[in-house]
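Just below is one structure, and these are the notes that go with it.
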Amino acid sequence: MTSLARFPSRLMASPKPGVASQRLASLGRQLSTTPPRAFEVKKLGVIGAGQMGLGIALVAAQKAQVPVTLVDNSQTSLDKGLAFADKLLAKDVSKQKITEEVAKATRDRLKVTTQLSDLSDVDMVIEAVPEIPSLKEQIFAQLAQICPQHAILATNTSSISITKIARATTKDATDTSASSRVVSTHFMNPVPVQKGVEIISGLQTSPETLKAAVAFCEKMGKICSVSADVPGFLANRILMPYINEAIICLETGVGKREDIDNIMKNGTNVPMGPLTLADFIGLDTCLAIMETLHVGLGDSKYRPSVLLRQYVDAGWLGKKSGRGFYEYK
Ligand SMILES: NC(=O)c1ccc[n+]([C@@H]2O[C@H](COP(=O)([O-])OP(=O)(O)OC[C@H]3O[C@@H](n4cnc5c(N)ncnc54)[C@H](O)[C@@H]3O)[C@@H](O)[C@H]2O)c1
């Protein structure tokens, strides 16, 4: 049996990938006209127990009601993540949003491990490790070996090329057996609250993989938007230059941090100002996305603010490190 013959044809990439816009239009047509396939995610793996991974694992366990294996290479992150999950579930019970039975069933579906090899029996994996291209590529190369040959391999990247991440699954670019199953499910922060998910296909991604990703996110109660694999996709192509400009305003003395946040919060009806939002997202993540936009689109208008880089150099990463543009206990 050839390596390709082992894989269901429904998960193979189209042999003739077109330009991003043509592909997006064609995927949109297929999404609306092709009947759903029988692919079902019965078990999920999530990699990275940070703010995004934990949220994805929790919502999948609660809303999609699937068992979740949560992997992190740091036991401290796993302990912290589970403690946070307990806190969120207890809060929902106390507010009568869910019953104690639902909270217990959700918690029982979460299993944690430090071993990536424990993902050998999942139908889908969602990776949420830091926004470092080489780290994601290294993980996807391993996932292609570890996960079952039908498993959807999704990344929560904010801005890195899905095509490039998919490329890391194989040394033979003509073998799309694993790369056709790579897709991006870009959840918004905080995952339990934000409804939107951006779904992005790489050049190798099969339409069936895209559909399966959309179906699972919908099962998690999310509303999907499909965008093309260009740096920043849709959400961060629009959001990050806004945050970066706010930081440049702080850097160049156009306004104080409170004034910058207050005018945007009270003037555009958003729940928080851009500097608070940057702290919430993580300044390292913001810098990584701006760098991807700057390099990937080759336009100086995406140059990261010098102050943003300095804050990251200082380890002032926002809420998660206790200090960013504001101080946190
Ligand atoms: N923070 C946001 O608002 C936001 C929003 C959407 C998407 N994202 C994206 O989600 C991803 C994760 O972001 P985050 O904010 O949750 O980061 P985070 O720093 O909060 O968490 C990352 C986790 O990954 C773990 N990790 C690091 N290396 C690992 C490895 N080799 N194997 C397993 N686990 C490893 C870390 O221990 C940590 O727990 C990034 O790609 C980011 O761009 C972030």
Side-chain angles (χ1 to χ4, degrees), residues 1-13 37-49 52-54 56-57 60-61 64 66-73 78 109-130 132-157 160-187 199-217 219-220:
M1 190 185 277
T2 66
S3 61
L4 286 183
R6 286 200 306 271
F7 300 97
S9 61
R10 62 175 193 266
L11 283 175
M12 309 283 260
R37 65 178 185 147
F39 185 85
E40 196 188 342
V41 176
K42 293 194 181 128
K43 189 165 188 190
L44 180 74
V46 175
I47 310 169
M52 296 307 292
L54 191 271
I56 293 165
V66 291
V68 180
T69 303
L70 179 58
V71 187
D72 200 296
N73 63 355
L78 289 171
R109 290 186 195 108
L110 292 176
K111 180 187 138 195
V112 298
T113 172
T114 54
Q115 300 304 314
L116 212 57
S117 55
D118 286 339
L119 297 178
S120 60
D121 61 349
V122 298
D123 303 301
M124 177 172 181
V125 52
I126 302 177
E127 163 279 312
V129 303
I132 302 167
S134 57
L135 176 60
K136 293 194 189 276
E137 286 167 25
Q138 180 204 322
I139 284 179
F140 274 77
Q142 291 181 70
L143 291 178
Q145 301 301 318
I146 293 168
C147 295
Q149 293 170 353
H150 68 272
I152 304 291
L153 309 176
T155 172
N156 191 52
T157 180
I160 300 168
S161 162
I162 314 307
T163 301
K164 204 156 172 243
I165 292 175
R167 173 72 177 88
T169 59
T170 177
K171 287 195 166 66
D172 173 3
T174 65
D175 175 9
T176 57
S177 56
S179 61
S180 64
R181 292 181 278 119
V182 175
V183 66
S184 173
T185 50
H186 180 208
F187 288 83
I199 310 281
I200 305 115
S201 290
L203 280 185
Q204 309 94 323
T205 310
S206 72
E208 289 78 12
T209 297
L210 176 73
K211 282 177 64 172
V214 169
F216 186 69
C217 291
K219 208 171 161 196
M220 287 174 68

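Bear in mind that the values here come from a model prediction, so they are computed numbers and not experimental data.
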Out of Thr155, Ile160, Ile165, which one pairs with Ser184 under the side-chain contact (heavy atoms from CB on, under 4.5 Å) rule?
-> Thr155
Indicate the atoms forming the closest heavy-atom contact of Ile152 with Ala212, along with that distance.
-> CD1-CB, 3.9 Å
Can you tell me if Asn156 uses its side chain to pair, donor with acceptor, with the backbone of Gly53 under 3.5 Å?
-> no
Sequence neighbours excluded, the answer for side chain to side chain contact (heavy atoms under 4.5 Å, CB included) partners of Ala64 is Val66, Phe216, Lys219, Met220
Can you give the donor-acceptor pairs under 3.5 Å from side chains of residues 110-119 to other protein atoms, not counting sequence neighbours?
residue, atom, partner, partner atom, Å
Thr113, OG1, Gln115, N, 2.9
Thr113, OG1, Asp118, OD2, 2.5

Side chain to side chain contact (heavy atoms under 4.5 Å, CB included) against Ile132, all qualifying residues, sequence neighbours excluded = Pro130, Ser134, Leu135
Can you measure from CG (Leu153) to CD (Gln142) and round to the nearest 0.5 angstrom?
-> 12.5 Å
Grab the two heavy atoms, one from Met52 and one from Ala128, that are nearest each other, plus how far apart they are.
-> CB-CB, 4.4 Å
Distance col, row Leu203:CG vs Thr163:OG1, nearest 0.5 angstrom, shows 4.0 Å
pair Lys211-Phe39: side-chain heavy atoms closer than 4.5 Å = no
The side-chain hydrogen bond (donor to acceptor under 3.5 Å, both in side chains) partners of Thr69 (sequence neighbours excluded) come to none
Mind checking side chain to side chain contact (heavy atoms under 4.5 Å, CB included) for Ala49 and listing every partner two or more places apart, or none if nothing turns up?
-> Leu70, Asp72, Leu78
Under 4.5 Å between any side-chain heavy atoms of Ser201 and Ile162, yes or no?
-> no
Tell me, which pairs form a salt bridge (Lys or Arg N to Asp or Glu O under 4.0 Å) where one or both residues lie in residues 139-155, sequence neighbours left out?
-> none
Looking only at non-hydrogen atoms, find the nearest pair between Met124 and Ala213 and report the distance.
-> CE-CA, 4.5 Å
Any side-chain heavy atom of Val182 sitting closer than 4.5 Å to one from Gln204?
-> no
Rounded to the nearest 0.5 Å, what separation is found between the OG atom of Ser177 and the CG atom of Asp172?
-> 8.5 Å
Is Arg181 close to Thr169 at the side-chain level, that is, under 4.5 Å between some pair of heavy atoms?
-> no
Of all residues at least two apart in sequence or in a different chain, which pass the side chain to side chain contact (heavy atoms under 4.5 Å, CB included) check with Lys171?
-> none
Residue pair Cys217 / Val214, side-chain heavy-atom distance below 4.5 Å | no
Begin with the C-alpha distance, continue with both residues' side-chain angles, and end with the deciding distance and a verdict on side chain to side chain contact (heavy atoms under 4.5 Å, CB included) for Asp123 and His150.
-> CA-CA 7 Å; Asp123 303 301; His150 68 272; 2.7 Å; yes
Closest non-hydrogen contact found for Ala166 with Ser179 is O-CB, 3.5 Å
With sequence neighbours left out, which residue pairs that include part of residues 133-153 fulfil the salt bridge (Lys or Arg N to Asp or Glu O under 4.0 Å) condition?
-> Glu127-Lys136, Glu131-Lys136, Glu137-Lys164
Nearest heavy atoms of Ala60 and Val68, plus distance in Å | CB-CG2, 4.1 Å
So do the side chains of Thr185 and Ile199 get within less than 4.5 Å of each other, counting heavy atoms only?
-> yes
Can any side-chain N or O of Ser180 pair as donor or acceptor with the backbone N or O of Thr176 at less than 3.5 Å?
-> yes
